[in-house]
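Input: a single structure, listed below in C-alpha cells.
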Number of protein chains: 2
Amino acid sequence: MFDTVCPTDLMPIRVGDKWTGMIIRCLEHAPRRFSELRVPLRGITAKVLTQSLRTMERDGLITRTVVTGPARQVHYELTPLGRSLLVPLNAMCAWAEEHWDALIDAREAGLSRTG
Amino acid sequence: MFDTVCPTDLMPIRVGDKWTGMIIRCLEHAPRRFSELRVPLRGITAKVLTQSLRTMERDGLITRTVVTGPARQVHYELTPLGRSLLVPLNAMCAWAEEHWDALIDAREAGLSRTG
DNA sequence: CAGTATCCTGCCTGATACTG
DNA sequence: CAGTATCAGGCAGGATACTG
C-alpha cells in the first residue's frame, strides 16, 4: 500500500521542515534577501534559516543568487517547482482556517480526558 | 506575519507525525482494527502505532471503540474532522504525483553539486 | 550583510520483551 | 488480540559566539 520507495524524508508534502512552508509564503510575491526573511520568521536563528534554505535549494524549490556590490546581498526566489507547492499549501491553510476551532476544541476535550 | 499562536505542533497540516497521513488513508473507506492497520503500515511497531492512534484520538481525528466479545477488538474510525483532512491530503498527494519526477531530478542535481 | 562553527536538548522512531 | 514497559539511537531545532 505505502511502498517503502516513498520515504517521508523525500516528501515535501508535509512541506519539509518546520519553516519550509512559511519560507515559501514569504517568497510568494517576490524574491527576498536573507535578512528580509528573518523578519517575518520571528525567532528563527541564522543557522536554521540557512539550513532550511540550503535544503530547499538542493531540492529545487528555490534559487540562490549572490549580488556582489557595495553591500553584499543574497536573493532567494521560488522556482516553478517551489511555486507549484503553493497549491497544496493553500489547501492546507484553507483547511486550517476552516477547522481550527474544531481542532482546538477537540484537543482540549481530549486533554481533559487523559491529562 | 506568522503569529507565535500558530505552533507547528498543533498543526496537523503537516499531517501530524510520520504515520498520521497513512493512517487516515487506511481509515478512509471503513473503520479498521488495530491489527488490520499494522498490515498496510508495514514495519510500524505496536508502540508507535498506538502512539499515533492515541494522538489522533486526542486531537479528535479518530474515535476508538472497544468491542468486547469472544475475541477482543478495537475499532478505529475517522471523525468528520479527521475525514475533512482528506481534502488537503488529496491535494498533497496530487502534487506529489505530478511533481515527483521533477523533485527527484532536482534533488539529484542538487546533490551532485554539493555532495 | 550573510553566513559558520560548536555545543546541547528534546522529540521522534524503533527494537525488544512482557501483559490482560 | 491489543496493547504496555523499557531502553536506545538519530536527527531536527535552537543558543551562543565568531567570520569574510
Side-chain angles (χ1 to χ4, degrees), chain A residues 2 4 6-23 26-27 31-59 61-77 113-115, chain B residues 2 4 6-23 26-27 31-59 62-77 114-115:
Chain A
F2 297 103
T4 43
C6 179
T8 308
D9 328 279
L10 244 182
M11 198 81 146
I13 259 356
R14 42 111 69 110
V15 192
D17 63 19
K18 180 173 177 181
W19 303 94
T20 304
M22 303 189 204
I23 293 175
C26 292
L27 296 177
R32 301 287 178 193
R33 286 182 299 127
F34 191 85
S35 296
E36 290 177 323
L37 286 173
R38 296 193 66 177
V39 179
L41 272 31
R42 261 187 291 274
I44 194 173
T45 61
K47 188 196 106 180
V48 174
L49 179 55
T50 301
Q51 247 176 210
S52 296
L53 255 13
R54 289 281 191 278
T55 301
M56 293 172 73
E57 188 193 2
R58 185 201 61 189
D59 289 351
L61 302 183
I62 59 174
T63 56
R64 178 173 177 274
T65 314
V66 179
V67 182
T68 41
R72 188 177 184 215
Q73 287 193 354
V74 180
H75 288 260
Y76 292 94
E77 185 169 12
R113 278 195 303 273
T114 62
Chain B
F2 297 102
T4 43
C6 179
T8 307
D9 328 278
L10 245 182
M11 198 81 149
I13 258 1
R14 43 116 63 118
V15 191
D17 64 19
K18 180 173 177 180
W19 302 96
T20 304
M22 303 188 205
I23 293 175
C26 293
L27 296 177
R32 302 285 178 194
R33 285 181 299 128
F34 190 85
S35 296
E36 290 176 322
L37 286 173
R38 297 193 67 177
V39 178
L41 272 30
R42 261 187 293 274
I44 195 173
T45 62
K47 189 196 103 179
V48 173
L49 179 54
T50 301
Q51 247 177 212
S52 295
L53 254 14
R54 289 281 190 279
T55 300
M56 293 172 73
E57 189 193 3
R58 184 202 62 188
D59 289 351
I62 59 175
T63 56
R64 177 172 178 277
T65 315
V66 179
V67 182
T68 41
R72 189 178 183 215
Q73 288 193 353
V74 180
H75 288 260
Y76 292 95
E77 186 169 12
T114 63

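The chains referred to below are lettered A, B, ... by the order of the sequence lines, with proteins before strands, and numbering in each begins at 1.
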In Watson-Crick or G-U wobble terms, both distances under 3.5 Å, what is the partner of D/dG20? C/dC1

Interatomic distance, OG1@B/Thr63 vs CD@B/Glu77, rounded to 0.5 Å, equals 5.0 Å

Could you check how far CG of A/Leu53 sits from P of C/dC1, rounded to whole Å? 15 Å

Between the side chain of B/Ser52 and the main-chain N/O of B/Leu49, is any donor-acceptor distance below 3.5 Å? no

Between C1' of D/dG13 and CG of A/Leu49, the distance in whole Å: 13 Å

Without decimals, in angstroms, what is the distance between A/Trp19 CH2 and D/dG13 P? 9 Å

Of B/Lys47 and B/Arg38, the one whose closest nucleotide on DNA chain D sits nearer the 5' end is B/Arg38

B/Val74 near the nucleic acid: base, sugar-phosphate alone, or nothing, with a heavy-atom cut-off under 4.0 Å? sugar-phosphate

Of all the nucleotides listed (D/dC1, D/dG13, C/dG3), which has the minimum atom distance to the side chain of B/Arg33? D/dC1

Taking the side chain of B/Lys18 as heavy atoms from C-beta outward, which of D/dG3, C/dC1, C/dG14 is closest to it? C/dG14

Using a cut-off of strictly less than 4.0 Å, decide whether B/Arg64 has a side-chain nitrogen or oxygen near OP1 or OP2 of D/dG3. yes

Heavy atoms only: give me the nearest B/Arg42-B/Trp19 pair and the separation to one decimal. O-CH2, 4.2 Å

Spacing between A/Leu37 atom CG and C/dA2 atom C1', to the nearest angstrom: 12 Å

Quick one: does B/Leu53's side chain get under 4.5 Å of B/Leu37's, heavy atoms only? yes

Can you tell me the distance, in whole Å, between the CE atom of B/Met56 and the P atom of C/dC12? 15 Å

Which part of the nucleic acid, if any, lies within contact of B/Ala71, taking any heavy atom under 4.0 Å across all strands shown: a base, the sugar-phosphate backbone alone, or nothing? nothing

Quick note, B/Thr50 side chain, CB onward, closest among D/dT4, D/dA2, C/dG3 is D/dT4

Rounded to whole angstroms, how far apart are CZ on A/Arg32 and P on C/dC1? 16 Å

What's the separation between atom CG in B/Asp17 and atom CE in B/Met56, rounded to the nearest 0.5 Å? 8.5 Å

From the list C/dG14, D/dG3, D/dT16, which nucleotide is the closest neighbour of the side chain of A/Thr45? D/dT16

OP1 or OP2 of D/dC1 less than 4.0 angstrom from a side-chain nitrogen or oxygen of B/Ser35, does that happen here? yes

Could you give the CD-to-C1' distance, from B/Gln73 to D/dC1, as a whole number of Å? 9 Å

Please state how far atom CZ in A/Arg72 lies from atom C1' in D/dG20, giving the value in whole angstrom units. 8 Å

